[in-house]
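One structure below.
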Number of protein chains: 2
Amino acid sequence: MTTKDKILDTAELLFSDLGFDNTSLRSITSKADVNLASVNYHFGSKKELIQAVMERYLSVLMPAIDEQLSKIATLNREPDLTLLFEAMVEPILKLESVRPNGAHTFMQLFAKAYYESQGHMKKFVNVRYGTVLKRFNTTLVSAVPHLPKREVFWRWHFALGSCVFTMGSSRALTDMAEADYQQRMGVAELIRGVIHFVAAGFAAPSVENIELYPNRDIA
Amino acid sequence: MTTKDKILDTAELLFSDLGFDNTSLRSITSKADVNLASVNYHFGSKKELIQAVMERYLSVLMPAIDEQLSKIATLNREPDLTLLFEAMVEPILKLESVRPNGAHTFMQLFAKAYYESQGHMKKFVNVRYGTVLKRFNTTLVSAVPHLPKREVFWRWHFALGSCVFTMGSSRALTDMAEADYQQRMGVAELIRGVIHFVAAGFAAPSVENIELYPNRDIA
DNA sequence: GTCTATATATAGATAGAC
DNA sequence: GTCTATCTATATATAGAC
């Protein structure tokens, strides 16, 4: 195994576990058993190392998502929401082929990236995969034609919150579920659970058409 | 205004904006125009400063939540989910009285605390307000008697994700909503929106009773 | 209570020998 | 490509004068 690969593998392990800011280049190189200076030699900077770690997954995930969106487009009917969300499962599970336990690792990385809102990552993803993201958004909007666009905007971010949070805490949550309810959840079941939840939230009638506080018994 | 208060006010401003780890004592003391060493004199350490900042809000929020739970208990009927969630709005809005814009600031702080998962905060909250948290959980479980407990566990965390994420990104999201849809959202509307979303997710039929992939057109 | 000065630790990055 | 040694910056925390 090359030095470069040793760095990448160790970095993704520590990044996904501790976050990007909380992982020092020193901890990576010592655990990977390579020299500290080799990170800058091979990657230039910590930022570029982070991008390289993410790119290994994004380069598999994004084309797979694009392909699913194409399949949906060929159906020649209004795409429904559950179909769209479920179509995201396969691309994520495909990440298992990138590295052992890849889907789980990527979800953790994704969540950490979101939490720490690394500006350079946002730019990086948008420049490289902006068209796929736009396409997903277009499909999403067309899947809920009865909702005002601003409603779609809000619900999408509510849903994203559930997904990111679940991804980031997946290890802790599955451990708790096993300890308290003897329930062994895999990555696939977890994704399906959260998808079911957010799809139901999306399917709710428009907030703008209902009375928000019908039950004022206690207020 | 005392030095201690100047530190608290400035700290909460920077913490809520940049997060705890990303805010140095130096940036706080220089912005508050007090001496660096005064933080350790008045609070002992950065950890204790963080706890003091949170405590100003928690000491108002938690008793208010407890009171709402009491009111729900006196209704003498199965508490419904929407009622329970809506009951949380008033306590949060009460935080406006702690400091100007307090509800918004607290939500940001809460989200950052969750993201950075500061171990000492978790302990601190559990020790001081564990009974209120337990009581909320008990009420939640009794509000959805048709769901298996493990389902409640999962859905609660999915819901929490939506809430935390929305709280943490509230400024960015409301700014986008105003720019793109000319929609001016206040804190109250935002909370109600996300509550409506997660209540719908909670109200969905149990995942364990439905076929998860009824629509396999594309997989 | 408030200040200066400093101890101590840890970051990311790089120069230059090999 | 790999290494040692070091630069530079920044962090929390504290000792001790006032």
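Chain identifiers are assigned alphabetically (A, B, ...) following the order of the sequence lines, protein sequences preceding nucleic acid strands; residue numbering begins at 1 within each chain.
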Report task. Spell out protein contact along nucleotides 11-18 of chain C as letters: B when the base is contacted, S when just the sugar-phosphate is, - when no protein heavy atom is under 4.0 Å; keep the 5' to 3' order. Result -> BBBB----

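Taking atom CG on Leu18(B) and atom C1' on dA11(D), their separation rounds to 15 Å, with Å as the unit. Per the geometry, CD1 belonging to Ile7(A) stands 11 Å off P belonging to dG1(D), to the nearest Å.
dT6(C) and dA11(D) have their C1' atoms separated by 14 Å, given to the nearest Å.
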Requested in this report: Could you walk me through whether Arg155(A) and Glu151(A) pass salt bridge (Lys or Arg N to Asp or Glu O under 4.0 Å), step by step?
Outcome: CA-CA 6 Å; Arg155(A) 293 189 188 194; Glu151(A) 268 286 324; 2.7 Å; yes

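With ring centers used as reference points, Phe158(A) lies 6.0 Å or more from Phe165(B). When ring centroids are compared, Trp154(A) and Phe202(A) stay outside the 6.0 Å threshold.
Contact detail for Ala199(A) and Leu81(A): the closest heavy-atom pair is O-CD2, 4.2 Å.
Under 4.0 angstrom from either OP1 or OP2 of dG1(C) there lies no side-chain N or O belonging to Asn35(B). Taking 4.0 angstrom as the limit, Thr3(B) places none of its side-chain polar atoms (N or O) nearer than this to OP1 or OP2 of dG1(C).
With hydrogens and angles ignored, the 3.5 Å screen pairs a side-chain donor or acceptor of Ser24(B) with a backbone N or O of Ser27(B). Of the possible polar contacts, none joining the Ser117(A) side chain to the Tyr114(A) backbone as a donor-acceptor pair under 3.5 Å is found. For Glu116(B) (side chain) and Phe20(B) (main-chain N/O), a donor-acceptor pair under 3.5 Å exists by modelled atom type.
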Report summary line: Under the rule of Watson-Crick or G-U wobble with both distances under 3.5 Å, where | means paired to another strand and [ ] a crossing pair, DNA chain D maps to |||||||.||.|||||||

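Results of the salt bridge (Lys or Arg N to Asp or Glu O under 4.0 Å) test with Glu12(B) over Lys6(B), Arg56(B), Lys31(B) single out Arg56(B) as the only residue that passes.
Of the candidate nucleotides dT2(C), dG1(D), dC3(D), dG1(D) has the atom nearest to the side chain of His42(A).
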